Amino acid sequence: MKTFNLLVLLSIITSIQLHAQSVISGMVKDADTGEEIIGASVIIKGTTKGASSDIYGKFSFQVESGTHEIIASFLGYKASSKTVSINANGNAEVIFNLAIDAQELEAVEIVGKANKESAQALMVERKNADIMIESIGAEEMSVKGVSDVEGAMTKMTGVAKVRGKGLYVRGLGDRYNIATMNGLPVPSTNPDLKVIPLSIFPTDLVKNIGVSKTATPELYGDFAGANIDITLKDYPDDAFFTIGISGAYNTLASFNDFKTHKDGQYEAFGFNGDARQRPEGGVPTITPNGEPGNFNTSWSPTTINAPMNLGLNASGGKSWNIGDESVFGIIGSLAHSNKYEYRDGRFAAYNAQATPYVDYDREEWIYSTNTSALLNFTFELNSRHKFKLNNIVVNESFNSVDENYGYNNDLDTETLFARRNTYLQNTIFVNQFSGDHKFMENDRLNFTWGVSRTETISQEPDRRQLLFSDRSVDGKEVNLFSRNAFDNHRYWGEMNEVEYAARTDVSIGLGTFDTNNDNFRSTLRFGYQMKSKTRDFEWFQTNIRSSSAVVRGINSEDPNDRINEWIQNETINYSPFTIPNNYFQAKMDVHSFYTGYDYDIMPSKLKMNVGLRTEIGEQYVMYKMQGDLIADPYREDSYASVEFLPSFNLKYSLDDRSNMRFAASKTITRPGMRELIPFEYQTVVGGEAIIGNPNLKNAQNYNVDLKYEIFPNSGELFSVGLFGKYLDNPIEKVARPSAGNVYSFDNIGTATVAGIEIEFEKSLGSIFNNGSEALERTTVGMNGTFMYSQMTIADDINTIVTNRQRALQGASPYILNANVGYQQDWGNDDINSIFTLTYTTFGDRIFAAGAMGAGDIYEKSFGTLDLIVRNKIKDALSFNVSAKNLLNPSIERYQKFEGGTTKQVSSYQLGMELGIGLSYTF
């Protein structure tokens with residue numbers, strides 16, 4: 001909390017503008033119109049010392065005392081010079097009014113696209129936007145060393161990552177957020193999450209990420225945290241081709257022993273192929289001599305020496321002019337990366353008396369890959385008509401070996417050793433076709449449209465789990481342990497989801513066109529959107545059965561040969577787990593109609609955005625329960641709804657650099673597919689099991705925001721905002737009365753969320769301005785959220801959670817992101833270096849609700865410190881160095897009990913990561 005208060009104080013201090021000392025500053029304007037000229041060159045005659053004008057036409061740079069001739073110039077204008085005398089520690093202000101050079105203009109034609117990747121351009125867009133929006137572009141992601149979209153999101157205000165549970169925005173988790181790509185929805189590859197894991201999108205594919213925490217009628221109404229829109233890269237103005245390679249050393253994994261299962265020849269690249277396929281009936285066929293066959297995959301893990309993490313990428317693009325107005329452009333990229341992780345820690349679970357019923361020493365080895373390919377086509381018929389075809393494929397894989405050793409009360413042993421190998425492969429195919437059209441004078445009528453098809457496949461083939469009575473050391477033989485039929489097993493699961501989406505959006509400018517503000521005073525907007533998705537999920541399991549609970553004499557480190565021997569002599573046998581609930585289907589259709597109206601109540605000062613969105617939705621689940629018979633028909637549950645979602649946004653411009661904003665809206669929360677499907681899944685032996693609830697309904701969310709923001713200079717920002725939310729009938733995970741540790745989901749009561757957000761980005765030179773060039777090249781930034789949340793579970797909810805009133809799961813009392821950046825040019829400006837130090841932390845937050853008298857489980861606060869150095873050499877060669885997770889904190893969860901007792905639930909470290917990267921652009 002002291003850290004939070006210090007950063008809040010610093011943010012307030014940095015919002016105060018101090019006058020420059022020992023500098024020449026001023027502004028460059030158009031002599032005829034008086035408009036600011038952006039990017040004008042202002043230098044001392046005969047030198048290269050100077051600056052370029054920013055988005056407000058302003059410039060500032062340090063000089064030696066004396067008399068100087070200052071020259072301002074810009075393409076298409078006549079250069080202008082002025083003589084300035086300045087004393088030591090003095091200050092001089094110069095205004096340049098540049099006249100148009102008519103002769104020069106006759107030969108000049110400037111054609112290009114707006115840069116939506118730079119922090120400065122996105123800051124201008126944010127300032128001028130009618131609604132509250134936050135963005136991060138490709139350039140800023142590169143500077144901050146972000147490798148994927150999820151990492152970029154955690155640098156934004158009020159956003160936190162909860163491991164295994166996705167992103168939380170303002171304390172609201174996965175089910176309260178929605179992700180789109182180019183304005184069209186994308187489903188999740190992870191069966192447990194509603195929002196697609198944003199880590200699968202490498203930043204090489206992304207132009208910018210827009211985050212809307214307040215609603216407008218154009219946005220899908222299914223969010224209360226944020227609507228996250230990923231905009232993919234467009235074609236370039238200039239042809240390019242870039243190749244790159246990177247490597248990273250992890251202090252815990254690299255060059256150390258690493259356990260894995262290397263089954264498929266392509267698994268190193270993230271593609272399983274047919275190496276882990278389930279045999280017909282789930283059991284290998286009988287051999288020619290009449291004996292039971294063996295699986296092609298081994299029960300025994302392989303130990304390798306883990307190399308460094310590796311990344312390879314290539315991208316390129318080109319555009320062609322067709323006639324006088326048309327342009328055809330193409331951009332493509334291909335990238336692959338892998339990562340070795342090792343976690344050594346603890347996992348425990350407790351009863352109400354704080355006595356453990358599970359207490360393991362836990363080791364986990366995870367090998368992951370990410371492969372992505374993008375191919376986008378753009379055709380601009382002219383400046384008013386554009387068509388885009390976006391195609392993207394992303395494949396991720398996780399190959400993990402998870403070992404747990406210790407006490408398990410249910411199995412009545414203190415030396416249980418459990419090993420599970422899990423291979424996950426998630427693949428997404430996205431195809432989008434869209435158009436943008438402008439009609440009538442001054443583009444009075446705008447029409448945009450888009451259609452998409454997205455398919456996601458999530459496979460978990462041949463998961464293997466074995467339980468032993470002890471761990472083998474130095475070849476000692478132990479016993480194969482089995483108390484339940486499913487303890488030792490092979491499991492196959494596959495989820496396939498297909499989603500179709502479409503949108504049409506129309507805006508019409510009303511009244512007379514305002515040439516001063518380049519807009520119509522009022523605009524009417526309306527449109528239609530639809531999305532329809534179907535998810536099929538099927539699973540199958542083959543268990544190892546024996547006539548006794550213990551099968552004696554096996555090496556837990558190399559069990560494969562002994563198991564095959566026992567299969568041959570019928571000591572044990574493979575037994576397919578034949579149950580009725582091995583197939584599920586879920587569908588969700590949403591048709592949306594919206595109308596919005598924008599009106600400049602006071603031109604250039606006060607603008608209103610009001611709208612109404614109507615969503616007609618239907619969800620459907622087909623399933624069987626575990627107690628049903630195989631011959632029984634499938635159960636079917638459906639739920640139809642019509643939701644009216646109003647929104648209101650107000651923007652008041654205090655001056656040309658600061659705004660006050662207000663927003664109020666109603667949104668909804670639809671259940672996620674995983675929350676609907678009644679499939680029970682347990683990730684750790686003795687851990688919690690989670691099952692879906694097909695009877696979930698929409699939750700109602702009421703939202704209000706108030707924000708003040710100021711943009712002092714180019715790329716600088718200070719903002720402070722208040723927000724509040726009331727959630728009616730929210731969906732939460734709750735414990736179910738049962739013999740085991742089983743959780744499900746329910747609409748459970750009410751919740752309240754309120755908080756304050758502070759954000760600033762500032763140059764130290766503009767704060768202190770003591771003539772130091774080092775301070776001019778140093779920027780500091782911070783965003784912080786201080787938050788209160790309370791969940792109240794209604795009395796009629798059938799649950800055994802301990803606290804029926806508590807904070808929201810995943811909601812931290814505070815979230816902080818801070819960064820310091822420094823730029824330096826070397827060797828006659830041939831080399832540009834950017835040094836960035838980032839720090840992220842949060843307050844202790846509830847990870848899971850406690851049950852049966854045991855307290856809630858919390859994730860303990862920790863800080864993440866990263867250092868990234870980016871070097872650009874002659875605009876072609878890039879050499880980057882990074883040091884991530886420098887503090888290497890222990891990631892811990894703990895549980896609270898009556899009387900003030902606190903017990904550790906889990907702990908592990910990720911290790912420091914030291915990386916280098918090299919790329920070259922042709």
Side-chain angles (χ1 to χ4, degrees), residues 147 245-277 294-312 335-345 360-371 395-405 417-426 459-466 468 471-476 478 490-491 554-564 684 884-885 888 908-917:
S147 60
I245 184 171
S246 62
Y249 168 81
N250 183 281
T251 56
L252 295 182
S254 300
F255 309 131
N256 291 324
D257 287 346
F258 190 92
K259 285 188 179 181
T260 187
H261 280 255
K262 301 174 67 174
D263 294 313
Q265 58 181 326
Y266 303 115
E267 284 184 6
F269 303 100
F271 299 91
N272 169 57
D274 58 1
R276 296 173 179 254
Q277 294 303 305
N294 298 325
F295 281 95
N296 293 328
T297 53
S298 174
W299 289 99
S300 300
T302 300
T303 300
I304 64 172
N305 187 265
M308 291 177 59
N309 303 329
L310 179 67
L312 301 168
H336 174 80
S337 63
N338 63 27
K339 187 174 186 179
Y340 294 84
E341 294 181 80
Y342 171 68
R343 302 176 184 180
D344 181 12
Y360 297 143
D361 291 326
R362 187 177 189 184
E363 288 185 280
E364 190 172 14
W365 297 264
I366 306 170
Y367 173 73
S368 59
T369 71
N370 183 296
T371 304
N395 184 86
E396 64 172 3
S397 71
F398 302 89
N399 190 345
S400 68
V401 174
D402 183 9
E403 295 186 348
N404 294 275
Y405 177 73
F417 179 55
R419 177 188 294 119
R420 174 182 286 193
N421 167 235
T422 303
Y423 180 88
L424 290 173
Q425 182 178 336
N426 301 322
Q459 305 174 66
E460 188 176 348
D462 200 9
R463 183 187 75 202
R464 278 153 277 176
Q465 177 176 293
L466 290 176
F468 304 92
R471 182 198 295 267
S472 294
V473 179
D474 297 329
K476 179 188 73 172
V478 295
R490 290 175 179 261
Y491 165 95
I554 191 169
N555 183 348
S556 66
E557 293 304 300
D558 188 14
N560 193 66
D561 291 343
R562 185 60 55 86
I563 288 178
N564 289 336
V684 179
K884 297 184 178 181
N885 198 32
N888 193 22
Y908 62 89
Q909 291 178 290
L910 294 174
M912 290 185 289
E913 186 176 287
L914 309 176
I916 57 173

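Below, all heavy atoms of this structure are taken into account, side chains as well, without hydrogens, waters or symmetry copies. Computed from a predicted structure; not experimentally measured.
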Quick check against the 3.5 Å criterion: does [X] have a side-chain atom that pairs as donor or acceptor with the backbone of [Y]?
{"X": "Ser556", "Y": "Ser472", "result": "yes"}
{"X": "Ser246", "Y": "Gly917", "result": "no"}
{"X": "Asn426", "Y": "Phe398", "result": "no"}
{"X": "Tyr367", "Y": "Ala268", "result": "yes"}

message = By the definition ring pair (Phe, Tyr, Trp, His ring centres under 6.0 Å), identify the one residue from Phe255, Phe258, Trp365 that meets it with Tyr342.
response = Trp365
So, for [X] and [Y], which heavy atoms are closest and what is the spacing to 0.1 Å?
{"X": "Gln465", "Y": "Trp299", "answer": "O-CZ3, 3.7 Å"}
{"X": "Ala306", "Y": "Ala253", "answer": "CB-O, 3.3 Å"}
{"X": "Met308", "Y": "Gly247", "answer": "CE-C, 4.0 Å"}
{"X": "Ala275", "Y": "Thr297", "answer": "O-CG2, 3.5 Å"}
{"X": "Gly270", "Y": "Gln425", "answer": "O-CD, 3.4 Å"}

Which distance, rounded to the nearest 0.5 Å, do you find between the [atom1] of [X] and the [atom2] of [Y]?
{"X": "Arg362", "Y": "Arg343", "atom1": "CZ", "atom2": "CZ", "value": "8.5 Å"}
{"X": "Ile563", "Y": "Ile554", "atom1": "CD1", "atom2": "CD1", "value": "4.5 Å"}
{"X": "Leu310", "Y": "Ile245", "atom1": "CG", "atom2": "CD1", "value": "5.5 Å"}
{"X": "Arg464", "Y": "Phe295", "atom1": "CZ", "atom2": "CZ", "value": "9.5 Å"}
{"X": "Asn272", "Y": "Glu460", "atom1": "CG", "atom2": "CD", "value": "12.0 Å"}
{"X": "Ile304", "Y": "Asn256", "atom1": "CD1", "atom2": "CG", "value": "11.5 Å"}

ask   = Of the options Asn421, Asp263, Thr369, which is the one that meets Asn399 in a side chain to side chain donor-acceptor pair (under 3.5 Å)?
value =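 By the side chain to side chain donor-acceptor pair (under 3.5 Å) criterion, Asn399 pairs with just one of Asn421, Asp263, Thr369: Asn421.
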request  = Report the C-alpha separation of Thr371 and Asn395 in whole Å, then their side-chain angles, then the decisive distance to 0.1 Å, and conclude whether the side chain to side chain donor-acceptor pair (under 3.5 Å) test is met.
outcome  = CA-CA 5 Å; Thr371 304; Asn395 184 86; 5.1 Å; no
query = So with a 6.0 Å cut-off around CG of Asn296, is the heavy-atom count from everything else above 12?
reply = no
ask   = Does the pair Asn309 and Asn338 meet the rule for a side chain to side chain contact (heavy atoms under 4.5 Å, CB included), with working shown?
value = CA-CA 6 Å; Asn309 303 329; Asn338 63 27; 4.3 Å; yes
ask   = For Lys339, what residues pass the salt bridge (charged side-chain N to carboxylate O under 4.0 Å, His left out) criterion, not counting sequence neighbours?
value =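 Partners of Lys339 by the salt bridge (charged side-chain N to carboxylate O under 4.0 Å, His left out) criterion come out as none, since no residue qualifies.
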task = Quick one: list whatever passes salt bridge (charged side-chain N to carboxylate O under 4.0 Å, His left out) with Lys262, sequence neighbours left out.
result = none
query = With a 4.0 Å cut-off, would you call Asp257 and Lys259 a salt bridge?
reply =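 Salt bridge between Asp257 and Lys259, a charged N being under 4.0 Å from a carboxylate O: no.
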message = If the threshold is 4.0 Å, N to carboxylate O, is there a salt bridge linking Glu363 and Arg419?
response =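 Not counted as a salt bridge, because no side-chain N and carboxylate O are separated by less than 4.0 Å.
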Is there a side-chain contact between [X] and [Y], using heavy atoms and a 4.5 Å cut-off?
{"X": "Glu267", "Y": "Ser397", "result": "no"}
{"X": "Val478", "Y": "Phe417", "result": "no"}
{"X": "Arg276", "Y": "His261", "result": "yes"}
{"X": "Tyr423", "Y": "Pro461", "result": "yes"}

query = Without hydrogens or angle criteria, can the side chains of Ser300 and Asp558 be said to hold a donor-acceptor pair below 3.5 Å?
reply =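 Yes, Asp558 and Ser300 have a side-chain donor paired with an acceptor closer than 3.5 Å.
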query = Going by atom types only, do Asn885 and Glu913 share a side-chain donor-acceptor pair under 3.5 Å?
reply =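 No, no side-chain donor-acceptor pair sits under 3.5 Å.
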inquiry  = Under the criterion side chain to side chain contact (heavy atoms under 4.5 Å, CB included), I'd like the reasoning laid out for Leu252 against Tyr908: C-alpha separation, chi angles, the key distance, then a yes or no.
reply    = CA-CA 11 Å; Leu252 295 182; Tyr908 62 89; over 6 Å; no
